[in-house]
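Encoded as structure tokens, the structure appears first; notes follow it.
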Amino acid sequence: MTTGIESILVENRVFMPPEDLVKHANISGMDGYRALCDEANRDPNAFWARLARENLVWTKPFTQVLDESNAPFYKWYPDGELNASANCLDKHLGTPTENLTAIIFEADDGQVTRVTYKALHARVCQFANAIKGLGHKKGERAIIYMPMSIEAVVAMQACARLGIIHSVVFGGFSSKSIHERAVDVGATLMITADAQLRGSKTIALKDAVDEALAMGGCEAVTHVITYKRAGTAVQWHEGRDLWWHDVIAGQSSDCPPVSVNADHPLFILYTSGSTGKPKGVQHATGGFLLWSLMTMRWTFDAKPDDVFWCTADVGWVTGHSYVTYGPLAAGVTQVVFEGVPTYPNAGRFWSMIEQHKVTVFYTAPTAIRSLTKLAESDPTVHPDRYNLDSLRIIGSVGEPINPEAWVWYYKNVGHERCPVIDTWWQTETGAHMITPLPGVTPLKPGSCTLPLPGIDAAVVDEVGEEVERGKGGFLVIRRPWPSMICTIWGDPERFKKTYFPPELKGYYLAGDGAQRDKDDYFWIMGRIDDVLNVSGHRLGTMEVESALVAHPMVAEAAVVGRPDDTTGEAVVAFVVLNGAMPEGDQAIAVAKQLRDWVAKEIGPIAKPREIRFGENLPKTRSGKIMRRLLRVVAKGEPVTQDVSTLENPAILDQLSQAR
Ligand code: WTA
């Protein structure tokens, strides 16, 4: 059996972990790693039970580790009770951590605000008391649509404190996306801001929430709480709309955390899949929290004097695990940044690392690639110009990091003393799965190396048999793990079908192609489904196609990805219009109209880089669009494949010339 995934070129250089880290890291040396792996393999449940007992604070201890009776709907620590916010905040009270800075917030304009663990706890309690006072309670769903801010973390933590399930919508998504998610989760509460500031631009947020609510279908929403960030004018709906500063006024800074079952949903986060509709990935309180904390300690070697900075927005899973929950549970100081890496110039990241003495830095390959380009053309924003000596670990996430970007990052940011920690994981996995450990793993640029202890990752063929080393196949996880997706909100059938296809022996199917080398290292080869990765953001081709065909001018559309040096992949859309095919200036104008339309339907990140018009799309005789051929055309390469099964082979020439 083969999966059709071919092998890729493997980079051969190996970089050893720094001596100092090998000696002092939380997992020290290959022996330390192997010992944990052996423990997990001998008795997985005992391993996961030990970690959960030693690292989480339980209000009611669990007696069962894993309930597999309704697989693949696994339940971890099902009879245990705890509260996520108490595990991030209350547990530090009365310890030296309470006076430690929890968050260093740097605003778009450079202004810095610090908040200690104790003060953060008080702010979370006040806000939780406010929403409790409005009548919201455990089990309800809240949509959070906020800029990067201390308040965004407070809003998420306050929901967790009350057992309210949050669903964060990335601030770059459209009102239509908010609407879709609010309807799907049946939201009763929305938390937003008047606007967000990014790169000196002011982008309205509350307006988008108003628009979403005006679309109908979310009548269950009784309150919209707005944090005043920019001071811009907003529409006001009396009785429904409240200001953040008004609702917290006079609230007590003590709010007892609501104890919930370990499998009570902590959040629902929407992510793109291979159909038009994003899926609501549901995560459980206990397992998610455990793994976001353990990976802080293991992957990032978190220590109390660290200054951790994950540049991800809380709208993505990385911002859940490594901004809102993991760093607080680990009790480190973290940087939260409102702005963009290129404002006021492309040295912003490096200057912030210098100013805040960041020790662990975690960002996306797309940011590294674009900052490389800018630094190489403008020496004043080159990392060389800044003192980056505080750094000890530098991480990467979101997409494969190409060896060139890896080496640039390692040399110019890490000064060849900080290991590059290339973490493979997904919204569905909750936290890191396959990653080097800073004091353990010899690094190979472009490989996410080895699975974490307890994670049974493998590369298999179409019937779930492990493939030989050096051969490509499907990346699967063979045993359940605590931070795994519990279900797709409201669509358990889709959950089963997507992630646990019957032919794969009950393994979790990640949706990525991969191969392993002779040292067992994993090399991720990209998605096997119709999901694109644009600047580290997941985007379904079907999602963009649905948006395009919703436009009255469009008859048909097919969307594919084209490799791109900076963004990883770029969206290319092939479009058939109703009526005549546009040419010249008219084609340019229509393309612009359609790009803006997609931005409005989904968000600016989904805008096609290129739109090509044709009289038709390449189809088989049974009417199936041949996306495989469109990918070749999008790259600007000649089609050398056999096209004899095509109904209309001539269309390929037309689309190739339609640049
Ligand atoms: C890709 C982001 C290679 C992969 C945390 C995965 C990666 C998808 C890496 C998940 C990596 C993420 N190397 N590919 N280190 N990290 N990916 O859900 O295709 O936004 O399936 O989660 O990003 O994206 P998501």
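Just follow the structure's listing: the first ligand is 1, and inside any ligand the first atom is 1. Residues take their numbers from the sequence shown, with the count starting at 1. On a predicted model such as this, the values are computed, not experimentally measured, just so you know.
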message = Walk me through whether Y521 and R516 qualify under side-chain contact (heavy atoms from CB on, under 4.5 Å).
response = CA-CA 5 Å; Y521 278 32; R516 295 177 85 169; over 6 Å; no

query = What orientation do Y499 and F495 show, parallel under 30°, tilted 30 to 60°, or perpendicular over 60°?
reply = tilted

note = Within the heavy-atom cut-off of under 4.0 Å, ligand 1 is lined by V317, T318, V397, G398, E399, P400, D422, T423, W424, W425, Q426, T427, D512, I524, R527, N533, R538

task = Take D565 and K373 through the test salt bridge (Lys or Arg N to Asp or Glu O under 4.0 Å) and record every step on the way to the result.
result = CA-CA 10 Å; D565 280 353; K373 270 195 199 153; 5.3 Å; no

task = Fit a plane to each ring of Y322 and Y362, take the angle between them on a 0 to 90° scale, and name the class: parallel (under 30°), tilted (30 to 60°) or perpendicular (over 60°).
result = perpendicular

inquiry  = If the condition is side chain to side chain contact (heavy atoms under 4.5 Å, CB included), which residues does C486 pass it with, not counting sequence neighbours?
reply    = Q282, A284

ask   = Relative to the ring of Y325, is the ring of F267 parallel (under 30°), tilted (30 to 60°) or perpendicular (over 60°)?
value = parallel

